[in-house]
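Since we're looking at a predicted model, the values are computed, not measured.
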Amino acid sequence: MVSRKRALIQNAATALVSQLIMMVGQFATQTIFVKTLGAQYLGANGLFSNLIQFLSFAELGIGAAFSYALYKPLADHNQAATTAIMDLFRKVYNTIGLVILAAGSVLTFFVPWFVAKGSSIDHIRWYFFLYLLSTVVSYFFTYNRSLLIADQKSYVDATNQLIWSTLKYVFQIGFLLLFHSYFGYLIVLIATNILSNVFITMRSRHFYPYLKEKSDVEIDPSIVNNIKKNVVGTVSAKIGSIVVTGTDNILISKFIGLAVVGLYSNYALILTSITRLLTQVFAAVIASFGNLGATEGNNKDKQVDLFNQFTFYNAFSVFFIGLVSFAAFPPFIKLWVGSHYQLAESTVWFIVINFVFGQFRPALNMINAYGLFWGYRVKSIVEAVVNFGLSLLLVKFTSLGINGVLLGTIIGNILVNSWWDPWILFSGAYQRSMLGFYAKYWIYMAAFGALLVIESFIIKLVAINPVGLLPVMGYMIVVALIVGIVLLGVFAKTRGEREMFRLLKNIVHR
């Protein structure tokens with residue numbers, strides 16, 4: 001049996017490498033996309049992505065609830081219970097795929113309404129339907145990914161995604177260069193999604209051959225009741241997540257236009273790619289915490305201690321990315337797609353701050369690990385109303401434009417997420433006060449805010465404007481080194497940094 005720590009390191013390392021390689025492919029594809037199709041099509045692609053997020057409400061967060069239900073039978077090697085849960089998982093997800101297909105087909109007729117007058121593209125309904133199909137096909141296989149991740153084998157899924165994503169980027173670039181075809185771009189997306197999911201199903205059957213056998217064992221009623229209870233909580237969580245992450249491009253498209261969505265999409269691609277990387281790495285951590293909760297549920301001190309360590313990793317990685325991005329965005333965007341695709345400096349501030357508030361949420365990751373979805377039944381509704389209401393008011397009734405949309409999301413994170421997430425975690429899993437963590441959270445955020453202000457001052461003072469590939473790359477490397485050294489200095493002598501170096505030392509010795 002693979003140890004929890006070894007599984008965590010293996011999964012996180014594989015996720016890190018595969019996501020880095022895929023980031024290169026994404027940037028290459030988006031570069032060709034912008035050059036061949038332009039900002040309007042890029043904006044449409046971003047709009048489609050957000051509309052699909054709304055349709056995924058049909059999933060109701062069921063995947064997270066089932067994943068949590070798998071932790072214990074996998075830890076106990078209970079093949080009968082695992083097979084029974086997976087069989088139910090498959091039936092539910094097949095139904096969800098059909099529901100999303102039906103709902104998306106209806107939404108296809110209304111897509112032009114989400115676009116500001118004068119900024120639409122031809123055949124936008126058909127393009128959206130193809131984008132819809134690329135998402136729907138995943139629902140008929142995704143439960144196999146969930147099983148591998150829950151069993152601390154996310155490296156298998158990461159490797160599979162790397163292979164098929166690479167093929168996807170190669171063929172998409174080919175269609176864009178040879179035919180300037182958005183239609184071909186979407187057809188490749190559909191085909192590679194299907195093949196990726198077929199192959200991950202085959203890999204899942206290799207690791208769990210007993211899944212091929214029909215199970216006559218009924219799921220324990222207590223497990224079913226727990227799944228139902230968690231689904232109720234994840235319904236609310238899904239609503240909140242969709243509204244918070246899925247409305248920005250829709251509001252920008254409706255009130256400002258597709259071209260601005262296209263400009264924002266370039267910045268979003270960079271941070272979304274990094275977010276996927278963090279999500280993949282943290283998924284390995286979450287699976288390990290889920291296993292810990294299933295096997296050592298009474299050892300609260302150990303769980304809190306590991307959570308505090310995870311908080312440090314979360315803060316260090318997110319702050320590093322935010323500070324480097326703030327300095328690198330202007331020259332990189334100019335080099336990558338051209339100066340006419342750059343957003344104002346004030347918007348870059350809001351983009352980076354919004355990213356940090358959205359990603360520095362260690363309690364949220366642990367809520368998923370411990371299956372505390374019931375606590376979200378009210379919280380996410382409040383989060384959705386606050387975020388959407390503020391963003392809508394600021395973009396419609398002020399002159400802030402895109403900054404208003406982002407500011408609404410930032411304020412929503414402060415008013416709701418900053419304290420409610422840790423309250424759910426500490427009251428539900430650790431049964432102790434969250435005040436110590438909450439104070440630490442704002443100390444972390446204050447440190448980031450101070451570093452961002454200092455960085456902005458230094459950038460203006462030095463006034464470096466690198467032009468060309470090598471100067472820009474050199475500039476970004478220097479910025480990354482300086483930011484890394486500064487963060488190590490800021491966190492010097494903290495327990496989190498000491499434990500990080502101890503872990504790295506152990507990895508090197510192994």
Side-chain angles (χ1 to χ4, degrees), residues 26-27 29-56 107-108 110-132 134-135 176 182 185-186 189 242-273 275 325 329 333-334 336-352 354-355 358 387-388 390-392 394-396 398-410:
Q26 284 181 308
F27 281 115
T29 305
Q30 182 119 334
T31 302
I32 304 301
F33 192 110
V34 170
K35 300 296 184 183
T36 56
L37 297 179
Q40 293 288 93
Y41 278 92
L42 187 61
N45 209 55
L47 174 63
F48 294 165
S49 176
N50 277 182
L51 289 175
I52 292 298
Q53 285 185 7
F54 273 93
L55 288 177
S56 67
L107 182 60
T108 299
F110 301 96
V111 169
W113 183 84
F114 294 99
V115 180
K117 292 182 179 179
S119 65
S120 186
I121 59 175
D122 295 334
H123 313 300
I124 192 169
R125 290 190 179 95
W126 284 108
Y127 289 140
F128 174 75
F129 184 74
L130 291 175
Y131 199 101
L132 168 70
S134 72
T135 300
L176 290 171
Y182 186 45
Y185 174 93
L186 293 174
L189 182 62
I242 289 170
V243 173
V244 170
T245 62
T247 56
D248 286 357
N249 280 348
I250 294 173
L251 288 172
I252 296 169
S253 173
K254 178 64 178 176
F255 292 100
I256 307 174
L258 275 181
V260 178
V261 178
L263 300 184
Y264 176 59
S265 292
N266 290 322
Y267 293 80
L269 171 66
I270 296 170
L271 292 180
T272 299
S273 300
T275 300
S325 296
F329 268 143
I333 294 293
K334 185 177 180 179
W336 178 31
V337 287
S339 57
H340 52 290
Y341 279 90
Q342 287 183 302
L343 291 169
E345 181 185 0
S346 61
T347 304
V348 177
W349 273 85
F350 282 110
I351 289 173
V352 170
N354 187 42
F355 167 78
N387 178 81
F388 182 75
L390 287 171
S391 294
L392 179 61
L394 289 170
V395 73
K396 189 173 183 179
T398 72
S399 58
L400 290 172
I402 186 176
N403 292 351
V405 176
L406 297 171
L407 180 59
T409 304
I410 293 169

pair [X]-[Y]: side-chain heavy atoms closer than 4.5 Å:
X      : Y      : result
Ile124 : Pro112 : yes
Ile351 : Tyr264 : yes
Asn45  : Tyr182 : yes
Ile270 : Ile333 : yes
Leu400 : Val395 : no
Tyr41  : Tyr185 : no
Trp336 : Leu269 : yes

Of all the heavy-atom pairs spanning [X] and [Y], show the shortest one and how long it is.
X      : Y      : answer
Ser49  : Tyr131 : CB-OH, 3.5 Å
Ala44  : Ile121 : CB-CD1, 3.8 Å
Ser325 : Leu271 : OG-CD2, 3.8 Å

**Message:** Working note: Val352 + Phe355, criterion side chain to side chain contact (heavy atoms under 4.5 Å, CB included); need CA distance, chi angles, decisive distance, verdict.
**Reply:** CA-CA 5 Å; Val352 170; Phe355 167 78; 5.6 Å; no
Measure the spacing between [atom1] of [X] and [atom2] of [Y] and express it to the nearest 0.5 Å.
X      : Y      : atom1 : atom2 : value
Trp349 : Leu406 : CH2   : CG    : 14.5 Å
Leu263 : Ile402 : CG    : CD1   : 8.0 Å
Leu343 : Phe350 : CG    : CZ    : 12.5 Å
Leu176 : Thr36  : CG    : OG1   : 4.5 Å
Ile410 : Asn387 : CD1   : CG    : 10.5 Å
Asp122 : Gln40  : CG    : CD    : 11.0 Å

**Request:** Dump the intermediate steps for side chain to side chain contact (heavy atoms under 4.5 Å, CB included) on Leu394 and Val405, then the final yes or no.
**Result:** CA-CA 7 Å; Leu394 289 170; Val405 176; over 6 Å; no
**Request:** Decide yes or no on side-chain hydrogen bond (donor to acceptor under 3.5 Å, both in side chains) for Thr409 and Asn354, but give the supporting numbers first.
**Result:** CA-CA 7 Å; Thr409 304; Asn354 187 42; 4.6 Å; no
**Item:** Pair Gln30-Leu42, side chain to side chain contact (heavy atoms under 4.5 Å, CB included): steps then yes or no
**Value:** CA-CA 8 Å; Gln30 182 119 334; Leu42 187 61; 3.4 Å; yes
**Message:** Let's go through Leu47 and Phe128 carefully: what are the C-alpha distance in whole Å and the side-chain angles of both, what is the deciding distance for side chain to side chain contact (heavy atoms under 4.5 Å, CB included) to 0.1 Å, and is it a yes or a no?
**Reply:** CA-CA 9 Å; Leu47 174 63; Phe128 174 75; over 6 Å; no
**Message:** Please check if the number of heavy atoms outside Lys254 that lie under 6.0 Å from its NZ is greater than 12.
**Reply:**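 More than 12 within 6.0 Å, yes.
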**Prompt:** So, Ser391 side chain and Phe388 main chain: donor-acceptor pair closer than 3.5 Å or not?
**Reply:**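 Judged by distance alone, no pair lies under 3.5 Å.
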**Prompt:** Less than 6.0 Å separating the ring centroids of Tyr267 and Phe329?
**Reply:**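 Centroid distance Tyr267-Phe329: below 6.0 Å, so yes.
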